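Right, one structure below, let's go through it.
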Amino acid sequence: MEEEQQQTKYNIIDEKPPFNAPLRAQYKQGFGYYTVRDRLPVILTQVIDQLSKDKETIVEHLGEDAREELKQVIGEISKLKYELQTDKEFKPISSELGDEQLWNDFIVSLGDSNSYYSACWLYSETYMYRRLNNIFEATTKLKDLDYFLQQKDKALTTAYDAIAAVLKSIENFNANKNDKTEEEIGEFFRKMLKLNLWGNRCDLSFSGGADVKPDSDPFSLLDNLDAFIVSDGTRAVWECVRGAKQNPPAAVVDIINDNSGYELFTDLCLADFLIEHGLAARVNFNVKAIPWYISDVTPNDMMLTLETLEGHENALLAGFGRRLKSRFAEGTLDLKDVNNFWTSPYEFCRMKEINPELYEELSRSDLVIFKGDLNYRKLLGDYNFPHSTPFRESLRGFTPTNLCTLRTVKADLISGLEEGLSEKLTAKDPRWMTTGEYGVIQFSHK
Ligand SMILES: O=P(O)(O)OC[C@H]1O[C@](O)(CO)[C@@H](O)[C@@H]1O
Ligand SMILES: [Mn+2]
């Protein structure tokens, strides 16, 4: 369809998304437009290609009936892609996962802004991933198939060098931990936060499925990357952790996970460090109930990652895997039951209203760490605040407890920047917000 026709039909506006309004894909100079028009159709096509390529393996594992179901699923995904490309209205879902009512009420609540280009970008992209899973739910054999598994698996297996290098640095630091001063532990903790931040670059939905291999020795690169941290709250996060420190340890930290593979490894390192140095009594992991945004962690990904580490020929990785497993066994690390809220369209400032139990649960923690770009978009509700709006203000009352975000910037929204910094970066590179080169570590007290 001619560009012009498309522009009028879907009311595309050839402008940047305006400030003080939700991001919408209808703004042609926004990343949302490029995502809905170009990135998401490619992601759906990749799923179809992968299924076609793996057909015989899937039938071998799941039985002959799966062959017919594969045809059905591929057909449905093509329909979903067509709906996306022709700006169709969101259709209700039917699901046994417990979020059917939540999603269908949400769709009704959108009124006329209930299509891929007219709705808030966050809603459109999230709806596409929910519908994609719903297609598999409607089958018998393919119901639990993780159609992103190969890509996630590769994100781990291509990161072994980096993982070994990181573990070597951590083991060296821990070797004489009892001689470490609180300041030395604080300084290393802040490095761990930055290591964790840059681990978020490894997101396959951003790379369009292309492999994202972390650098061979991430720790050694940290200082050079400091210039790319455009808002640095590491000290505030450390002060919060140090302040919550007790003997015996009692603090609870929740990590709201993002991507699997190397990023999940850096989350496990951060959690392990908090326990190892008595900075917390327990660290909870909050993962996704369904395959999500290609890379996001599911319970199965967590299990596979722990087994892969424990079973690795490299003694450092195997040792770390064993230590993690014993921490999960003793309860200092905990994989929380999945909560559908994390795969819902809702921005976090609506959690108290939509899922008060989860809000209450998080408010019992001493610190909640939100990982990645999508969580950041949900913290701001995909609302295009002027970039120097204070971070806390942009949370619109979402303050269950102390929270921080570790996010590489991969979408055109941000808050908490120094006055004028965004303009300076834009003058240098107009695309600075959508390259993943820059990052933020931002903190908000309860
Ligand atoms: O894994 P993350 O960091 O949440 O990123 C998710 C990706 O999806 C997007 O939200 C949009 O597609 C990007 O902003 C980002 O590439
Ligand atoms: Mn992700």
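Because the structure is a prediction, the values reported are computed rather than measured. Atoms within each ligand, like the ligands themselves, are counted from 1 in listed order. Residue numbers count from 1 along this sequence. Excluded from the calculations below are hydrogen atoms, water molecules and symmetry mates; all remaining heavy atoms, backbone and side chain alike, are included.
The distance between the ring centers of Phe219 and Phe188 falls below 6.0 angstrom.
Rounded to 10 degrees, the OD1-metal-OD1 angle spanning Asp258 and Asn259 at the Mn ion (ligand 2) equals 80°.
Within the 4.0 Å heavy-atom criterion, neither part of Tyr376 lies near ligand 1. Here Arg377 has side-chain heavy atoms under 4.0 Å from ligand 1, and that is the only part of it that gets that close. By the criterion of a heavy-atom distance under 4.0 Å, the side chain of Trp121, and not its backbone, is placed next to ligand 1. By the criterion of a heavy-atom distance under 4.0 Å, neither the backbone nor the side chain of Lys371 is placed next to ligand 1. Looking at Asp373 against ligand 1, both its backbone and its side chain come within 4.0 Å, counting heavy atoms.
The side-chain tip of Arg130 does not point at the ring of Trp292 from less than 6.0 angstrom away and within 45° of straight on. For the pair Arg396 and Tyr383, the cation sits on the ring face: its NZ or CZ lies under 6.0 Å from the ring centre, inside 45° of the axis.
Residue contacts with ligand 1: Glu125 is placed with a nitrogen or oxygen under 3.5 Å of a nitrogen or oxygen of the ligand (distance criterion only). Residue Arg39 has at least one nitrogen or oxygen atom sitting less than 3.5 Å from a nitrogen or oxygen atom of ligand 1, judged on distance alone. Taking distance alone, with nitrogen or oxygen atoms compared against 3.5 Å, Leu374 approaches ligand 1 more closely than that limit.
Counting atoms of ligand 1 from 1 in the listed order, those under 4.0 Å from a heavy atom of Asn200 are 3 (O). Which parts of ligand 1 touch Asn259 is read off a 4.0 Å heavy-atom cut-off, strictly below it: atoms 1 (O). Ligand 1 places these atoms under 4.0 Å from at least one heavy atom of Tyr293: 8 (O). Atoms of ligand 1 found under 4.0 Å from any heavy atom of Ala411 (numbered from 1 in listed order, with element): 14 (O).
In this structure a side-chain-to-backbone donor-acceptor pair under 3.5 Å is present from Asn134 to Ser94. Under the 3.5 Å distance criterion, the side-chain polar atoms of Asp232 are left unmatched by any main-chain donor or acceptor of Ile229.
In the model, Tyr123 has no side-chain atom that pairs as donor or acceptor with a side-chain atom of Asn114 under 3.5 Å. Side chains of Ser231 and Gln442: a donor-acceptor N/O pair is present below 3.5 angstrom, by distance only.
Here the side chains of Leu395 and Ser444 are in contact, with some heavy-atom distance below 4.5 Å. Under the 4.5 Å side-chain criterion, counting only non-hydrogen atoms from C-beta, Phe370 is in contact with Leu379. A 4.5 Å side-chain heavy-atom check between Ile77 and Phe136 finds at least one atom pair inside the cut-off.
Among the heteroatoms counted here (N, O or S) of Asp296, OD1 is the one nearest to the Mn ion (ligand 2).
In this structure, of Asp258, Thr434, Leu406, the residue bringing a heavy atom nearest to atom 2 (P) of ligand 1 is Asp258.
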